[in-house]
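These notes concern the structure reproduced below.
Counting starts at 1 for both ligands and their atoms, in listed order. Note that this is a predicted model, so its numbers are computed, not measured. When a residue number appears, it is its place in the shown sequence, counting from 1.
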Amino acid sequence: MRVAEPTAQSVAEAARLLRDGQLVAFPTETVYGLGGDATNDRAVAAIFEAKGRPQFNPLISHVLDATEAQKFVCWTPTAEKLAARFWPGPLTLVLPRSPGSPISLLATAGLDTVAIRAPSHPVAQALIRAAGRPIAAPSANRSGAVSPTRAEHVAESLGERVPLILDGGPCLVGVESTVLDLTGTTPTLLRPGGATREAIEAVVGPIAVSDALPSGDSARKSPGQLESHYAPARPVRLGAISVGADEGLLAFGPTVPQGAMLTYNLSPSGDLGEAAANLFAMMRTLDRPGIGRIAVMPIPETGLGLAINDRLRRAAADDGSRRGR
Ligand code: TXA
Ligand code: MG
């Protein structure tokens, strides 16, 4: 495994690896992605293998822009409006696969839909352009673990499973893209992320929210079913307004309870954008020997708070998979 500064040369080398069916980790504005040629079944299979994904979750295909997206999916007026406002950027659109779409069926887990987005990070764009094909990329971490927002997180998590990591510095958004399903009559939020619900609704009007989200009805009725994800090795306690001496505290805002073993503040000024950018890196830093549990202060459920709270609820869900990790 090699970590390289993004230069014309290293990007060209990364593109060669991709065209050759190999994997490359690269920065996006949200999190680092583990990229493979989205049109190559074997490259996509290698992504699942490197991540240790238990089942074939569908992957997002990354493209340069809306014109390119239309080669792979059936475009709609709503997609056009959203792409005009949010692309390039942290919004993923789920649309019907176009007839003859070359996207690997494995990348879409056999679904007749494709999740597609145009990232705004210049290194991601340079790589897509140089590879000359769509890049399938989940977050560049082992399945279930905390998403990587720095090149060193990728190296720690995937190590020799990836031959080349392009180091683009810390990710500015820090949480994954918003996933919006456009295949029904009303756009449906499948995953809150870097594009806020409020900003999306300003473009397309009221949207629906998937019941499967941890804040949704069906998830509330059966909290035990909640998939543990984004999970540190230590247990996570949410809504903390006081803190124990064996706890590491993930704080938010200017008023912080005292007495934790270690405290990191997502945003002392209470800025949700800053908090999102810091979330995964601070969760990793608190996930260390000597800390019994990670306590997290309440985060407002507005704007980027939706995505932050979604990730925190999944981090706190204990489905037993934490044992032994
Ligand atoms: O910000 C991001 O989206 C990052 C960067 C690398 O672009 N990628 C990412 O990928 O988070 P991943 O694989 O960790 O998450 C993809 C999400 C999953 O929730 C998956 O279920 C959903 O997108 N998804 C993918 N294809 C889908 C489809 N055809 N229909 C519905 N959901 C889909
Ligand atoms: Mg992920």
In the protein, which heavy atom is nearest to [atom], and how far is it?
atom                    : value
atom 3 (O) of ligand 1  : S177 OG, 2.6 Å
atom 10 (O) of ligand 1 : P138 CA, 3.4 Å
atom 7 (O) of ligand 1  : H62 NE2, 2.6 Å
atom 33 (C) of ligand 1 : P58 CG, 3.8 Å

Side chain, backbone, both or neither: [X] near ligand 1, heavy atoms under 4.0 Å:
X    : result
T30  : side chain
L190 : side chain
R191 : side chain

Do side-chain atoms of [X] reach the backbone of [Y] as a donor and acceptor pair under 3.5 angstrom?
X    : Y    : value
R19  : A130 : yes
S61  : A38  : no
Y32  : G168 : yes
T285 : A281 : yes
D287 : P232 : no

For [X], take its heavy atoms, then give the atoms of ligand 1 lying under 4.0 Å from any of them.
X    : value
T113 : 28 (C), 29 (N), 30 (N)
A137 : 6 (C), 8 (N), 10 (O)
G33  : 6 (C)
L111 : 28 (C), 29 (N), 30 (N)

Apply salt bridge (charged side-chain N to carboxylate O under 4.0 Å, His left out) to R311 and E176, showing your working. CA-CA 10 Å; R311 306 307 185 267; E176 294 85 345; 2.9 Å; yes
Using 0.5 Å steps for rounding, measure from the CG atom of L272 to the CG atom of L306.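 L272 atom CG to L306 atom CG measures 10.0 Å (nearest 0.5 Å).
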Kindly compute the distance separating CE (M261) from CD1 (I291), expressed to the nearest 0.5 Å.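 Here the interatomic distance stands at 6.0 Å.
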Compute the shortest N/O to N/O distance between Y32 and ligand 1 and return yes if it is under 3.5 Å, no if not.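 Min N/O separation from ligand 1 is not below 3.5 Å for Y32.
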Looking only at N/O atoms, are T92 and ligand 1 under 3.5 Å apart anywhere?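 There is no such contact.
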Close approach of [X] to ligand 1, heavy atoms, under 4.0 angstrom:
X    : value
V94  : yes
S139 : yes
R53  : yes

Quick one: sort the F280 and Y230 rings into parallel, tilted or perpendicular, breaks at 30° and 60°.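 It falls in the parallel class, under 30°.
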Can T76 and T78 be said to form a side-chain hydrogen bond (donor to acceptor under 3.5 Å, both in side chains), step by step? CA-CA 5 Å; T76 67; T78 305; 4.5 Å; no
For the pair R97 and D112, evaluate salt bridge (charged side-chain N to carboxylate O under 4.0 Å, His left out) and give the outcome as yes or no after the intermediate values. CA-CA 6 Å; R97 167 187 285 277; D112 53 9; over 6 Å; no
All pairs passing salt bridge (charged side-chain N to carboxylate O under 4.0 Å, His left out) where residues 242-256 contributes a residue, at least two apart: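 Qualifying pairs: R237-E247, E247-R293.
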Criterion salt bridge (charged side-chain N to carboxylate O under 4.0 Å, His left out) on R161 and E156, from CA distance to verdict: CA-CA 11 Å; R161 293 182 179 89; E156 283 161 20; over 6 Å; no
Quick one: give me the number of protein N/O/S atoms under 2.8 Å from the Mg ion (ligand 2).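 There are 1 of them.
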Flag side-chain contact, heavy atom, 4.5 Å: F252 against P300: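 Side chain of F252 against side chain of P300, heavy atoms only: contact under 4.5 Å found.
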